[in-house]
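Reckoned from all heavy atoms, side chains included, excluding hydrogens, waters and symmetry mates. Indexing begins at 1, ligand by ligand and atom by atom, following the structure's order.
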Amino acid sequence: MTLPTVVIAGRPNVGKSTLFNKLAGRRFAIVSDTPGVTRDRKEAEALLRGKRVRLIDTAGLEEAAPDTLPGRMRASSEAAVAQADLVVFVVDARAGITPADSHFASWLRRQNRPVLLVANKAEGRAGAGAALEAYSLGLGQPLAMSAEHGDGLSDLMTEIADRLPEQDPEVDDERPLKLAIVGRPNAGKSTLLNRLLGEERMITGPEPGLTRDAVAAFLEDGIGPIEIVDTAGMRRKARVEQALEKMSVSASIEALKMAEVVVLCIDSLEGLHEQDLQLARLIEREGRACVLALNKWDAVGDRTATRRAIADRLETSMAQMKGIPVVNFSALTGFGVDKLLPAVRAVHHTWNSRVATGALNRWFEGALERHAPPLADGRRLKLRYITQAKARPPTFIAFGTRAEQMPEDYQRYLVNSLREEFKLPGVPIRLLLRGTKNPYKDD
Ligand code: GDP
């Protein structure tokens with residue numbers, strides 16, 4: 001099940017963008033931009049009367065092609081309306097019903113989609129009267145409102161929510177996977193972002209009224225929505241063309257804190273640098289799942305040697321992220337980029353996973369037998385049982401006598417064995433040790 005989609009449609013200048021921004025609220029407002037790409041659609045996730053919806057603004061689309069206005073409106077809105085659970089059709093009450101409105105309305109009636117008619121700019125008494133004219137469109141009772149002044153906004157939210165199916169508030173599998181793309185300047189993060197989003201989703205914005213800070217980009221991979229967090233740094237950089245102000249590593253750090261999965265983007269021509277390893281350690285410390293992205297693969301000469309050099313560096317310097325998924329591709333040509341999101345999904349799944357307590361303790365017994373815990377102050381440390389306290393990332397607690405004195409290398413042994421047994425590559429694993437209440441009784 002995906003989120004219900006509400007599409008805002010209508011001819012230019014009726015106030016669609018204002019309405020979109022009011023409904024979306026600052027927090028959810030999103031816009032992504034690429035210089036030189038025609039402004040396209042704007043999407044946001046919004047909460048209306050407790051229901052989560054995907055809001056699509058078709059504003060801007062109609063400015064693209066130079067033919068007739070009704071034709072342009074229709075072409076640009078067709079795709080959006082086809083996936084709509086509800087179309088909010090906006091007219092300008094002050095301007096009255098224009099031929100373009102009528103044309104669009106009659107097309108809309110044939111699309112068999114629920115339509116909510118909104119007569120916007122209907123502030124004051126004159127506006128309310130003018131709204132009545134919209135009855136003539138044959139789309140039911142118009143809701144008179146003023147997006148700009150906020151009049152009628154609350155009614156509109158209720159009307160929209162009433163027309164959408166009930167949602168179970170407990171079901172949150174439609175919550176987008178939060179993804180960050182981090183890496184050193186010039187690794188190709190912006191290029192990758194643009195490649196992932198695809199040109200048809202780009203907007204040249206920024207729209208007035210949209211916050212610059214709360215920038216995220218959404219994409220769909222057939223499984224569900226993915227939100228790419230903190231594209232702000234990349235956007236800023238893209239605007240300041242020619243790398244005067246390259247996205248810094250500190251911007252990466254902010255991004256990865258907001259993410260569930262982090263794509264660590266490497267310039268394969270450069271290999272793994274100390275800064276890359278620093279980021280990797282940070283990803284581990286913050287408990288995020290990670291995919292290592294080897295970009296610029298198109299330009300790599302000796303691929304075997306490059307792959308081996310990076311694998312060796314990983315082995316020696318990033319033992320704590322053992323088994324991290326590695327994907328090589330070219331953001332520039334697009335080669336191999338299709339492998340990235342499946343890898344992201346897989347590691348996200350691992351990051352969320354829970355191990356059954358029975359299986360966990362069977363493994364634990366075996367692991368303790370194969371390699372007994374060491375002595376501390378001449379006395380053997382005794383571990384009794386283990387449980388998974390939480391996921392995201394997988395976190396385990398082992399209980400036992402003086403367990404908290406367990407040396408680090410033994411803890412590492414347990415974590416590695418756990419990772420192998422339950423197939424948890426590429427995610428940090430937390431192992432906490434708790435001493436039992438009466439430590440001397442067991443000796
Ligand atoms: P960012 O600083 O990480 O956002 O990096 P950019 O996306 O701005 O890319 C930096 C430079 O690397 C630009 O000149 C890109 O064209 C180039 N670049 C990005 N991806 C690739 C790739 O896959 N192959 C090659 N050969 N060049 C790339």
Side-chain angles (χ1 to χ4, degrees), residues 30-37 178-199 201-206 212-213 215-219 226-259 261-280 282-283 288 290-307 309-310 325-344:
I30 56 147
V31 59
S32 50
D33 65 19
T34 300
V37 179
K178 284 180 183 283
L179 181 69
I181 301 172
V182 307
R184 299 192 305 132
N186 274 324
K189 299 177 293 294
S190 309
T191 311
L192 176 60
L193 176 71
N194 291 344
R195 172 67 61 182
L196 286 174
L197 290 176
E199 300 211 336
R201 302 288 285 268
M202 288 300 180
I203 302 166
T204 45
R212 291 272 179 96
D213 311 327
V215 178
F218 284 85
L219 55 99
I226 295 179
E227 178 184 348
I228 301 182
V229 296
D230 195 43
T231 54
M234 286 183 242
R235 278 173 12 109
R236 269 195 300 279
K237 198 225 74 193
R239 209 169 294 123
V240 186
E241 213 39 70
Q242 301 320 324
L244 274 176
E245 184 199 310
K246 273 290 184 180
M247 188 187 180
S248 65
V249 169
S250 61
S252 280
I253 293 170
E254 286 312 304
L256 76 86
K257 286 184 174 167
M258 289 191 277
V261 181
V262 181
V263 168
L264 177 53
C265 187
I266 308 282
D267 180 341
S268 305
L269 303 172
E270 299 269 324
L272 273 176
H273 275 237
E274 183 48 36
Q275 262 183 339
D276 299 321
L277 297 173
Q278 267 173 21
L279 279 170
L282 210 65
I283 293 166
R288 307 302 190 238
C290 185
V291 174
L292 188 69
L294 307 183
N295 189 27
K296 309 197 186 180
W297 204 249
D298 58 299
V300 171
D302 188 341
R303 297 185 169 175
T304 313
T306 303
R307 203 179 267 124
I310 291 173
V326 180
V327 179
N328 51 287
F329 58 80
S330 165
L332 195 64
T333 67
F335 164 80
V337 172
D338 57 337
K339 291 177 298 181
L340 184 62
L341 292 181
V344 164

Item to check | Proximal atoms of ligand 1 relative to Pro185 (non-hydrogen, under 4.0 Å) | outcome: 2 (O)

Checklist entry - Purely on distance, is any nitrogen or oxygen of Leu332 under 3.5 Å from one on ligand 1? => result yes

Checklist entry - Going by distance only, is there an N or O of Thr191 that falls short of 3.5 Å from an N or O of ligand 1? => result yes

Next on the checklist: Closer than 4.0 Å to some heavy atom of Asp298 - which atoms of ligand 1 meet that?
Outcome noted: 22 (C), 23 (O), 24 (N), 25 (C), 26 (N)

Checklist entry - Do Leu282 and Lys257 touch side chain to side chain, with heavy atoms closer than 4.5 Å? => result no

Checklist outcome for this item: Under 4.0 Å from one or more heavy atoms of Ser330, ligand 1 contributes atoms 22 (C), 23 (O), 24 (N)

Item to check | Under 3.5 Å: N/O of Gly188 near N/O of ligand 1 | outcome: yes

Next on the checklist: So Leu341 and Leu219, do their side chains get closer than 4.5 Å, heavy atoms only?
Outcome noted: yes

Next on the checklist: Below the 3.5 angstrom mark, is there an N/O of Trp297, backbone or side chain, next to an N/O of ligand 1?
Outcome noted: no

Item to check | Test item: Leu294 and Leu292 side chains (from C-beta on) under 4.5 Å apart, heavy atoms | outcome: yes

Checklist entry - With only distance considered, is Ala299 within less than 3.5 Å of ligand 1 through an N or O on each side? => result no

Checklist entry - Where is the tightest heavy-atom contact between Val263 and Ala293, given as atom of each residue plus distance? => result CG1-CB, 3.6 Å

Checklist outcome for this item: Between Ser268 and Asn295 the two heavy atoms that sit nearest each other are OG-O, 2.6 Å

Next on the checklist: Counting C-beta onward and ignoring hydrogens, is there a side-chain heavy-atom pair between Lys296 and Leu332 closer than 4.5 Å?
Outcome noted: no

